[in-house]
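Report on one structure; see the data block that follows.
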Amino acid sequence: MLIDADPGTFHTTPHYDGYPIVLARLDALEPARLMPFLERRWRGVAPRRLVIDLDASRD
């Protein structure tokens with residue numbers, strides 16, 4: 001979906017074919033667009049306490 005929507009930013013290479021991964025050209029990606037991707041991934045791997053602390057700091 002990302003590649004179809006913005007192939008100038010998102011792409012893949014034969015090396016990653018078959019993997020659930022999309023590559024991004026960072027020079028073409030605005031920080032505001034990158035942060036949701038990074039945060040979603042961080043939330044998936046961060047200790048629960050850190051996620052709770054982050055959410056509490058935003059309230």
Side-chain angles (χ1 to χ4, degrees):
M1 177 181 77
L2 292 171
I3 295 170
D4 289 340
D6 188 355
T9 300
F10 300 102
H11 64 102
T12 189
T13 64
H15 176 79
Y16 290 105
D17 285 349
Y19 289 93
I21 191 170
V22 174
L23 304 174
R25 294 175 182 87
L26 294 180
D27 61 338
L29 189 58
E30 296 293 323
R33 191 166 178 204
L34 175 62
M35 289 308 294
F37 293 110
L38 292 177
E39 184 174 329
R40 185 170 43 245
R41 181 64 185 130
W42 176 83
R43 286 176 175 276
V45 298
R48 184 164 160 46
R49 181 77 231 156
L50 291 179
V51 175
I52 291 168
D53 289 348
L54 176 65
D55 290 342
S57 74
R58 291 181 171 174
D59 289 340

Going from [atom1] on [X] to [atom2] on [Y], what distance comes out if it is rounded to the nearest 0.5 angstrom?
{"X": "Leu34", "Y": "Leu29", "atom1": "CG", "atom2": "CG", "value": "5.0 Å"}
{"X": "His15", "Y": "Asp17", "atom1": "NE2", "atom2": "CG", "value": "10.0 Å"}
{"X": "Trp42", "Y": "Leu50", "atom1": "CH2", "atom2": "CG", "value": "5.5 Å"}

Residue pair Gly8 / Ala28: nearest heavy atoms and the distance that separates them:
O-CB, 4.0 Å
Go through the steps to decide whether Tyr16 and Leu23 satisfy the test side chain to side chain contact (heavy atoms under 4.5 Å, CB included), and finish with yes or no.
CA-CA 9 Å; Tyr16 290 105; Leu23 304 174; 3.8 Å; yes
Salt bridge (Lys or Arg N to Asp or Glu O under 4.0 Å) pairs touching residues 49-59, sequence neighbours excluded, are Glu39-Arg58, Arg43-Asp55, Arg49-Asp53
Which pairs count as salt bridge (Lys or Arg N to Asp or Glu O under 4.0 Å) when at least one residue sits in residues 5-15, sequence neighbours excluded?
Asp6-Arg33
If we only count heavy atoms from C-beta on, is the Thr12 to Tyr19 side-chain gap below 4.5 Å?
no
Please tell me if the side chains of Val22 and Phe37 come closer than 4.5 Å, counting only heavy atoms from C-beta onward.
no
Is there a path of hydrophobic side-chain contacts, each under 4.5 Å between heavy atoms of I/L/V/M/F/W/Y residues, joining Leu38 to Phe10?
yes
Side-chain donor or acceptor of Arg25 paired with backbone N/O of Pro7 under 3.5 Å:
yes
